[in-house]
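Atoms within each ligand, like the ligands themselves, are counted from 1 in listed order. Please read all numbers here as calculations on a predicted model, not as lab measurements. Heavy atoms only: backbone and side chains are in, while hydrogens, waters and symmetry mates are out.
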Amino acid sequence: MADHGDLSKLPSPPASSWLLGHVPDLLRPDYHRVILQWANKYGKAFRVRVLTEWTVVVADPALAAQALTHIPGRTANYTLIDEVCGGPGVVSMFGTLDEEAWRNTRKATAPAFSMANVRRYYGGVLSSAGELLEAIDREQAALGWVEAEPLLQRLMLRATLEGLFEVPDATQVPGFDTLATNITLLMTEANAQITDPIRKAFYATPLAPLLSKHVARCRTALKSIVAFHTNTATRVLSRPEPEPGNTLLWACLHRLRHPRTGRPLTPKQLHPEVGMYTTAGFDTTTSSTGWCMYAAAMQPSEQEAVARELREAGVFGRGAVLEAEREEEGGAEYGEGDGEGQEGAANRGPRRLLRLDPGRCPGPEELARLPRLNAFINEVLRMYSPTALAAERQVGDQPVRLGGLAGGGPARAPGGPGAAPTHHRLAHDLPPLPPSPLPLCLPPPYPLTGRQVGDQPVRLGGLVLPPRTTVWPMTYALHMGADNWGDPEAFRPDRWLEDPRCAFARQGVDGGPQEAAGVGAAEGGPRSEEPPRRFLPFGAGPKNCVGQNFGHTVLRSLVGLLLSRYVVRLGPDMGPDGPSAEETAVLTQVAVITKLRRLRLRFQPRD
Ligand code: HEM
């Protein structure tokens with residue numbers, strides 16, 4: 001085995017296979033729980049072996065932030081996702097391993113997510129929300145429950161295309177109706193290929209579509225997606241030069257130049273970035289909203305607390321939703337909706353049209369200041385982060401040193417460096433590991449997002465990490481680790497209201513500052529206003545989520561709108577406990593992929 005330098009100073013759980021190392025553990029469907037148990041046992045950072053390669057798993061907030069800030073390199077898994085979803089050789093800012101290319105696009109597009117621009121994009125959310133409410137009422141009336149996630153996905157795609165790219169009525173663009181399904185199909189395939197190199201090799205062969213119906217379906221989906229994104233890129237580039245002050249996403253992309261030649265891009269060259277921006281926010285935001293609905297259904301008293309706050313603040317109150325009936329001739333008169341007459345609406349008379357009145361809807365800042373709503377959302381993002389496994393990084397060709405680990409051995413926050421490892425019992429302790437069949441899928445699925453040390457060693461925690469080490473600050477372990485949170489397995493939004501570092505908590509408790517937690521982050525807002533680093537749903541460091549202001553705003557507005565209008569309960573076939581434990585494990589398993597396929601909910605109008 002190669003010289004692994006200081007890596008040997010890190011603790012490592014006993015590997016379940018002499019040959020494969022920790023691979024059998026990491027291939028379990030609930031491997032995020034396995035890693036959490038290891039984090040609780042081995043402390044801040046430990047190493048796992050995949051055949052002969054070591055990955056450093058980081059579960060400590062300070063070290064995670066340090067790794068994400070100082071190890072820029074992502075791993076090849078990001079590239080794979082780009083290629084499966086965009087075509088061979090297609091790589092965007094998200095998947096590129098070329099730092100210069102990443103910096104070029106990030107620098108050009110980051111201004112697109114200022115709060116001033118997010119307020120503009122938010123208009124796209126509000127104009128799509130009427131269609132969402134109509135569909136919810138229609139499905140609820142027809143079936144008695146609502147398949148929530150496809151409806152949320154449609155809204156998010158509309159809001160992205162109409163807001164960020166200013167595409168008028170995106171639903172009329174050919175390919176829109178199948179876009180969500182196609183993206184999901186290809187993202188699922190990309191994730192499967194990350195765990196299975198044989199599948200990846202087969203997928204790339206010209207014969208694969210002839211031999212496998214699934215691959216043929218993926219190829220058709222890919223063609224349709226590429227045509228869709230190229231169409232959007234063509235629209236963006238065919239517009240006149242935007243005014244210098246225009247920093248909306250389409251304008252930033254219009255000005256984007258090739259990182260090496262400095263020349264304007266063709267639609268074909270721009271389509272990967274357009275596709276990446278269409279996709280990055282679609283699944284994360286949709287699944288987070290879905291999880292918020294799930295948590296609300298599972299925790300009726302918390303749901304009521306949020307609904308009460310919204311009602312008392314008059315948020316999405318009377319007059320926010322206007323209602324009309326579609327006339328035979330096409331004309332429609334809108335009046336204030338009163339929430340009545342929704343049962344059976346799908347089967348009676350002319351179709352109801354719903355529209356939100358922007359003048360009577362809360363703005364992004366107002367939503368960010370609601371303590372209960374934000375505490376509830378934060379608790380959902382803590383426990384059900386859509387990027388639960390983000391983010392890994394790889395050391396380059398030089399070693400890295402990560403602060404706080406020197407001395408080696410299991411070093412734990414409360415006990416300090418070198419403290420003896422302690423065991424924490426999880427509420428749902430894993431059963432003993434079953435004998436593992438020899439897995440065919442290598443490497444394990446975990447490094448979907450992460451960082452890789454480059455050509456130089458990197459210093460991390462007083463240890464020097466050799467070049468090419470994969471470093472994996474694992475969000476799930478940060479968010480659920482017993483060292484980082486009291487009672488981490490409990491869904492307890494109050495913990496956020498009690499935390500003085502949350503600006504919305506101070507606002508709620510003593511009328512403190514107006515700045516919302518996290519809102520200023522992408523604009524370099526005051527650091528003291530940010531939530532603690534142990535909470536990293538949007539990542540950290542230079543490659544953190546560039547779209548977080550918009551993601552947060554969408555989440556707050558959708559959760560606020562839905563909980564102010566409906567009482568949300570689990571659907572009839574979901575059982576009193578919601579999705580099964582296994583399903584929940586899968587739900588959290590793979591980052592950036594739809595997880596709530598079976599989220600069926602009842603939406604009962606509030607009085
Ligand atoms: C709840 C919603 C969202 C969550 C939880 C989320 C989470 C994340 C995380 C954790 C990362 C960092 C991955 C890493 O470190 O490697 C990331 C990156 C990114 N996100 Fe988000 N995201 C959300 C919404 C959005 C939205 C709405 C957009 C844009 C419309 C967006 C665009 C991006 C992009 C472009 C990157 C890559 C940044 C770069 O490479 O510099 N995200 N997101």
Side-chain angles (χ1 to χ4, degrees), residues 64-65 67-69 71-75 77-79 81-82 91-99 101-110 112-113 117-118 121-122 124-125 152 155-157 159-161 163-165 248-250 252-253 272-292 377-378 380-382 384-394 447-452 470-476 478-479 518 521-522 535-559 591-592 595:
L68 290 169
T69 305
I71 308 175
R74 282 181 171 147
T75 59
N77 288 325
Y78 289 84
T79 313
I81 294 174
D82 263 352
V91 178
S92 73
M93 164 174 98
F94 191 66
T96 184
L97 300 179
D98 174 342
E99 284 300 300
W102 167 78
R103 198 169 300 108
N104 186 50
T105 310
R106 173 88 186 202
K107 212 172 143 202
T109 54
F113 295 95
N117 286 340
V118 166
Y121 307 149
Y122 177 58
V125 179
L152 295 170
L155 173 131
M156 191 57 197
L157 282 179
T160 302
L161 289 160
L164 278 60
F165 295 107
L248 296 175
L249 185 65
W250 75 261
C252 293
L253 289 171
E273 308 298 354
V274 167
M276 186 269 303
Y277 267 113
T278 307
T279 310
F282 146 82
D283 186 57
T284 44
T285 313
T286 302
S287 102
S288 300
T289 311
W291 275 114
C292 284
I377 291 173
N378 273 11
V380 169
L381 288 177
R382 182 183 73 82
Y384 308 113
S385 169
T387 50
L389 310 179
E392 63 177 20
R393 299 292 185 263
Q394 196 169 38
L448 174 63
T449 55
R451 301 298 181 259
Q452 194 169 36
T470 299
V471 182
W472 183 23
M474 193 219 188
T475 313
Y476 191 75
L478 289 169
H479 286 187
F535 183 55
L536 293 179
F538 295 98
K543 287 181 180 157
N544 70 351
C545 179
V546 70
Q548 62 183 282
N549 281 341
F550 182 52
H552 245 140
T553 297
V554 175
L555 203 48
R556 288 170 177 143
S557 56
L558 289 184
V559 175
V592 200
K595 302 157 204 81

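Under the 30°/60° scheme for interplanar angles, the aromatic rings of W291 and Y384 are found to lie parallel. In this pair, F113 and F550 present their aromatic rings tilted. The plane angle is within the 30 to 60° band.
For ligand 1, the atoms lying closer than 4.0 Å to a non-hydrogen atom of G551 are 27 (C). For ligand 1, the atoms lying closer than 4.0 Å to a non-hydrogen atom of F94 are 37 (C). Near N544, meaning under 4.0 Å from one of its heavy atoms, ligand 1 places the atoms 38 (C).
Contact annotation: F282 has no heavy atom less than 4.0 Å from any atom of ligand 1. In this structure, L164 has a heavy atom closer than 4.0 Å to ligand 1. Contact analysis leaves Q548 out of contact with ligand 1, as no non-hydrogen atom separation drops below 4.0 angstrom.
Ranked by closest heavy atom to atom 7 (C) of ligand 1, the top entry among P537, G539, S288 is P537. Among E273, K107, R106, the residue whose heavy atom lies nearest to atom 38 (C) of ligand 1 is R106.
Annotation: Y277 places no N or O atom under 3.5 Å from an N or O atom of ligand 1; distance criterion only.
For the pair F282/T160, no side-chain contact is recorded, criterion being any heavy-atom separation below 4.5 Å from C-beta on.
Under 4.0 angstrom from ligand 1, there are no non-hydrogen atoms of H552.
Atoms CG and CG, from L152 and D283 in turn, are 11.5 Å apart once rounded to the nearest 0.5 Å.
In this structure, the side chain to side chain donor-acceptor pair (under 3.5 Å) partners of R106, at least two apart in sequence or on a different chain, are N544. With sequence neighbours excluded, the residues that form a side-chain contact (heavy atoms from CB on, under 4.5 Å) with T96 are V91, D98, A101, W102.
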